[in-house]
Amino acid sequence: MTDVMKRKFVAFEISGKNYMIWVLDDEIHLDAMSLGDAIKDKTKASTYDYAKALIFLCHHLDKGLKIEYLTVKDPLVLWNDLKERYDNLKLVTLPQARYDWAHLRLQDFKFVSVCDVQNYF
C-alpha cells in the first residue's frame with residue numbers, strides 16, 4: 001500500500017493543461033499495478049482494487065479537484081467525470097501542437113545540438 005502513496009508523476013492540474021499526459025500516465029500505472037479494470041466499463045474488479053485505484057487517482061489530483069470530487073467514491077465515475085470535463089482539450093491543444101511542430105523554425109534558436117542518430121538504434 002505504501003507504493004500507492006508515493007506520487008509517481010506530476011499531479012493533474014485544475015486548469016487541465018496536463019490532462020493528456022496525466023491520463024496516459026495514470027492508465028499505464030494502473031495497468032502496471034493490475035488496477036486498470038477499475039476504470040473500465042463493466043469490469044469485475046474487487047472492492048479492494050476499486051479502493052486502491054481511487055486512492056491512486058485522488059493522490060494524483062490537484063487540491064482543487066480533490067475538493068470538487070470529494071464525494072465521488074467510485075474510480076470509474078471519477079475517471080469518466082474528468083474525461084467528460086477535460087477530454088475536449090484534445091480538440092484544442094493537439095492541433096495547435098501539431099501546427100507548432102510542423103512550423104518549427106530552427107532560425108528561432110541560437111544553436112541546435114546535433115546528435116548521432118545511429119547510436120540510438
Worksheet item: Within the side chain of Y86, is there an N or O that forms a donor-acceptor pair under 3.5 Å with the backbone of M20?
Response: no
Practice prompt. Quick one: pull up NZ in K63 and CG in L65 and give me the separation to the nearest 0.5 Å.
Written response: 13.0 Å
Discussion item. Hydrophobic clustering (ILVMFWY, side-chain heavy atoms < 4.5 Å, transitive) - are L78 and L76 grouped together?
Written reply: no
Practice prompt. Report the relative orientation of the aromatic rings in W22 and F12; use parallel for angles under 30°, tilted for 30 to 60°, perpendicular for over 60°.
Written response: parallel
Discussion item. Clusters formed by hydrophobic residues whose side-chain heavy atoms approach within less than 4.5 Å: which one holds L24, and what are its other members?
Written reply: I28
Worksheet entry | Partner residues of K40 under the salt bridge (Lys or Arg N to Asp or Glu O under 4.0 Å) criterion, sequence neighbours left out | D31
Worksheet item: Would you say L82 and L61 make side-chain contact, with heavy atoms under 4.5 Å?
Response: yes
Response to the item:
Contacts of K83 meeting side chain to side chain contact (heavy atoms under 4.5 Å, CB included) (sequence neighbours excluded), chain-then-number -> Y19, D87
Practice prompt. Return the set of residues passing side chain to side chain contact (heavy atoms under 4.5 Å, CB included) with A38 (not counting sequence neighbours), or none when no residue passes.
Written response: Y50, A53, P75
Worksheet entry | Common cluster, V23/V77, ILVMFWY with side-chain heavy-atom separation under 4.5 Å | yes
Item to complete: List in chain and number order the residues that pass salt bridge (Lys or Arg N to Asp or Glu O under 4.0 Å) with D25, two or more places apart in sequence or in another chain; answer none if no residue qualifies.
Response: none
Practice prompt. Answer yes or no: is there a donor N or O on one side and an acceptor on the other, between the side chain of N18 and the main chain of A11, under 3.5 Å?
Written response: yes
Discussion item. Does any part of the side chain of I39, heavy atoms only, come nearer than 4.5 Å to the side chain of D26, both counted from C-beta?
Written reply: no
Discussion item. Using 0.5 Å steps for rounding, measure from the CG atom of D74 to the OG1 atom of T47.
Written reply: 11.5 Å
Discussion item. My understanding is that only residues two or more places apart in sequence, or in another chain, count here; which of them pass salt bridge (Lys or Arg N to Asp or Glu O under 4.0 Å) with E13?
Written reply: K17
Fill in: Separation between CG of D49 and CE of M33, rounded to the nearest 0.5 Å
10.0 Å
Worksheet entry | Rounded distance [0.5 Å steps], NE2 in H60 versus NZ in K66 | 9.5 Å
